[in-house]
Amino acid sequence: MKVIIAEKPSVGREIAKVFGATTKKDGYMEGKGYTFTWAFGHLLQLAAPQEYGYYGWNVQNLPMLPQKFKLSVRKVKTKDGMVEDPGVRKQLDIIKALFDEATEIIVATDAGREGELIFRYIYYYLKCKKPFKRLWISSQTDAAIKEGFRNLKPGSDYDALFNSAHCRSQSDWLVGMNATQALSLSSGTRSVLSLGRVQTPTLAMICARYLENKNFVPQTYYQVSIQPDKDGQVFKAVSEKNFKTKEEAQAVLDLVEDVTLGFPQGGHILSVEAKPRKEPPPLLHDLSSLQQEANKRKGFTADQTLTLLQNLYESKLVTYPRTGSRYIGDDVYAGVPALIDKFMDHKEFGKQATLLSGAKLNKRSVNAKKVTDHHAILPTGETPHQLSADQQAIYDMVAGRMLEAFHQDCIKEITKITVQSGSKFIASGTVIQTAGWRLVFNDKDEEKKDEENATLPKVTQGENLPVTDKALLEKQTKPKPLYNEASLLKALETAGKEIDDEELRQAMKDSGLGTPATRAAMIETLLKRNYISREKKNLVPTETGLAVYEVVKHQQIAQAELTGNWEKRLEEIRSGASVSAFQEEIKTYTRAITQELLQAGKGMVIKVS
DNA sequence: GCAAGGTC
């Protein structure tokens with residue numbers, strides 16, 4: 001008997017379906033001589049410190065550097081503390097029984113580093129010795145699954161990938177557990193002051209932005225605006241330059257040849273530039289972009305959006321939610337026209353679905369090379385029943401985005417008019433000529449600035465217009481806004497963009513800080529630790545958060561680059577570089593940061609709340 | 001009591 005093990009039930013069942021195996025059992029399916037089972041993500045985790053003999057939280061134990069890491073069954077929190085998750089234990093037992101019967105195992109966990117780790121941890125924990133092969137596919141269409149099975153790889157081909165995954169896991173444990181205990185113990189508070197490769201740089205970003213915002217000194221500057229009149233249609237033009245002093249601006253204002261000063265036609269049109277600009281539709285959603293949009297539109301937290309999306313996924317209404325790709329492959333694209341047709345009766349955007357039906361679709365979101373473990377989020381085409389208002393809102397964002405993504409470009413005309421009246425003034429305006437994808441939600445254009453005119457009258461070069469009004473404008477420079485959930489998620493994805501080193505940046509771009517699946521939980525962790533709080537839509541540090549930030553802000557553990565460095569090394573391990581060299585470096589770093597924090601925490605000032 | 005990673 002061959003046993004196929006997937007990362008999650010949905011994939012296990014999908015593969016079983018392709019094989020025509022339909023017999024449902026408890027925790028697996030069987031048919032055609034195969035058995036199909038699954039994990040629920042990570043079933044096993046690196047054991048907690050006490051399982052290596054490090055009892056309690058004690059400076060004597062630090063740094064904790066286990067000789068050999070152990071695995072333990074995933075735990076859940078109950079009123080009696082942490083206990084084995086019974087569902088996980090049950091599934092592990094099922095997997096063990098199946099592996100015992102197996103002649104061969106086929107590994108069908110997600111095609112990536114963590115997918116490999118999920119299987120290997122199970123395999124080694126169960127002390128299984130059966131031979132295994134690897135299925136490596138990035139979409140779960142029938143064709144992709146069949147092709148993957150014709151192309152099974154030897155299990156050992158992925159040993160180096162497992163090594164890199166295991167290193168990632170151990171390194172996070174060593175640095176996180178030790179740094180957390182070191183700072184918590186030395187701070188003298190009895191609370192948990194957690195630190196980690198992902199959470200601490202994130203906290204640092206929030207704190208740095210908060211302090212920058214709070215300490216920002218606004219600069220006053222001045223502008224002059226005039227209002228020319230074209231046959232009764234007025235528009236606004238603003239001085240080409242900004243002025244540092246009111247006097248400079250006043251001088252420019254005084255030179256304006258307006259009607260009240262006796263100039264009947266003092267606005268001379270120097271030039272009119274009008275150029276069309278194509279604005280392509282947005283890409284399909286991945287989890288992060290959807291969380292950002294839901295936060296902007298509905299004020300949902302990243303965690304709420306993920307929960308709602310998980311509900312929709314479990315009801316088979318949307319595809320896999322925890323994806324980091326905004327693209328689909330050609331195989332999935334083949335089903336898109338039929339999918340669009342399903343929305344022709346939708347009350348909000350049925351009209352646009354009808355318009356797209358049979359039309360030539362925009363293929364910007366179609367690129368198999370940019371599909372990673374999972375493709376972008378799409379509706380499945382199943383008809384929703386009795387969704388809650390919030391679920392419906394998320395569902396509509398997924399479906400609406402699909403219509404946008406395959407819609408036509410939006411064509412705008414950007415107009416710039418230069419007017420001479422004493423000095424030069426600029427009027428700019430954007431007119432949407434063909435709305436294209438913008439028809440789906442009829443949203444306002446975010447890019448549009450305050451000074452812009454909705455529409456500008458038709459004027460020609462050389463024309464002279466009366467200037468009917470003028471004004472001196474006093475303005476102030478603004479600080480970068482505080483992070484909210486949407487802008488933080490975006491910053492986490494692109495933390496690499498502020499890194500100069502090209503190779504580091506590439507490594508960061510692939511991973512960012514955290515992963516789509518973990519970012520929502522990480523934000524919740526910072527809230528739970530009382531490091532940050534929500535103020536309206538903003539995320540701001542608490543006193544505790546700022547105190548921790550002050551202690552660690554110059555340390556490596558607070559820098560996003562730490563992840564970039566690790567990723568680079570892990571990638572080398574994946575291509576065969578030495579594991580032990582990296583492990584030694586991590587141990588050395590763990591010793592160093594533990595010592596530093598044991599000292600630094602003593603100087604901490606934290607109010608006990 | 002603690003990390004980051006995955007998912008019901």
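Residue numbers start from 1 in every chain, and the chains themselves are labelled A, B, ... in the order their sequence lines are given, proteins ahead of strands. Here the structure is a predicted model, which is why all the values come from computation and not from measurement.
The nearest heavy atom of DNA chain B to A/Ala517 and to A/Gly196 marks one nucleotide each, and the one closer to the 5' end goes with A/Gly196. Positionally, the nearest nucleotide of DNA chain B for A/Ala48 lies more toward the 5' end than for the other of A/Arg74 and A/Ala48.
Taking the ring pair (Phe, Tyr, Trp, His ring centres under 6.0 Å) definition, one finds that A/Phe132 meets it with A/Phe119, A/Tyr123, sequence neighbours left out. Here A/Asp93 pairs with A/Arg89 under the salt bridge (Lys or Arg N to Asp or Glu O under 4.0 Å) rule; sequence neighbours left out. A search for ring pair (Phe, Tyr, Trp, His ring centres under 6.0 Å) contacts involving A/Phe162 returns A/Tyr124, A/His166, not counting sequence neighbours. Residues passing the salt bridge (Lys or Arg N to Asp or Glu O under 4.0 Å) test with A/Arg591: none are found, sequence neighbours excluded. Qualifying side chain to side chain donor-acceptor pair (under 3.5 Å) partners for A/Ser487, counting only residues two or more places apart in sequence or in other chains: A/Asn484. Take A/Val59 and apply the side chain to side chain contact (heavy atoms under 4.5 Å, CB included) test, not counting sequence neighbours, and it matches A/Leu185, A/Leu598. Shown here are the ring pair (Phe, Tyr, Trp, His ring centres under 6.0 Å) partners of A/Trp57, two or more places apart in sequence or in another chain: there are none. A/Tyr34 pairs by the ring pair (Phe, Tyr, Trp, His ring centres under 6.0 Å) definition with A/Phe19, not counting sequence neighbours.
The residue A/Gln50 sits close to a base: some heavy atom pair falls under 4.0 Å. At a threshold of 4.0 angstrom between heavy atoms, the contacts of A/Thr518 include nucleobase atoms, whether or not backbone atoms are also involved. Contact annotation for A/Gln181: base contact, defined as any heavy-atom pair under 4.0 Å involving a base atom. Contacts of A/Val192 with the nucleic acid, taken as non-hydrogen atoms under 4.0 Å apart, include base atoms. Here A/Leu195 lies in heavy-atom contact (under 4.0 Å) with sugar-phosphate atoms only. Among the protein residues, A/Asp110 comes within range of the sugar-phosphate backbone only, with heavy atoms under 4.0 Å from sugar or phosphate atoms but none that close to a base. Residue A/Phe119 is out of contact with every strand shown, counting any heavy-atom pair closer than 4.0 Å. Using a 4.0 Å heavy-atom cutoff across all strands shown, A/Arg190 reaches at least one base atom of the nucleic acid. Among the protein residues, A/Gln45 comes within range of the nucleic acid bases, having at least one heavy atom under 4.0 Å from a base atom.
Sorted by first then second residue, the ring pair (Phe, Tyr, Trp, His ring centres under 6.0 Å) pairs that include residues 372-394 of chain A, not counting sequence neighbours, are A/Tyr320-A/His374.
Of the residues in residues 6-19 of chain A, A/Glu7, A/Lys8, A/Pro9 come within less than 4.0 Å of DNA chain B through at least one heavy atom, sorted by number. Taking every heavy atom of residues 583-598 of chain A and every atom of DNA chain B, no pair lies under 4.0 Å.
Between A/Glu116 and A/Arg134, at least one side-chain nitrogen of the basic residue sits less than 4.0 Å from a carboxylate oxygen of the acidic one, meeting the salt-bridge criterion. Taking 4.0 Å as the cut-off between side-chain N and carboxylate O, A/Asp100 and A/Lys130 do not count as a salt-bridged pair.
If you walk DNA chain B from 5' to 3' and mark each nucleotide with an atom closer than 4.0 Å to a heavy atom of chain A, the marks span B/dG1 to B/dC8.
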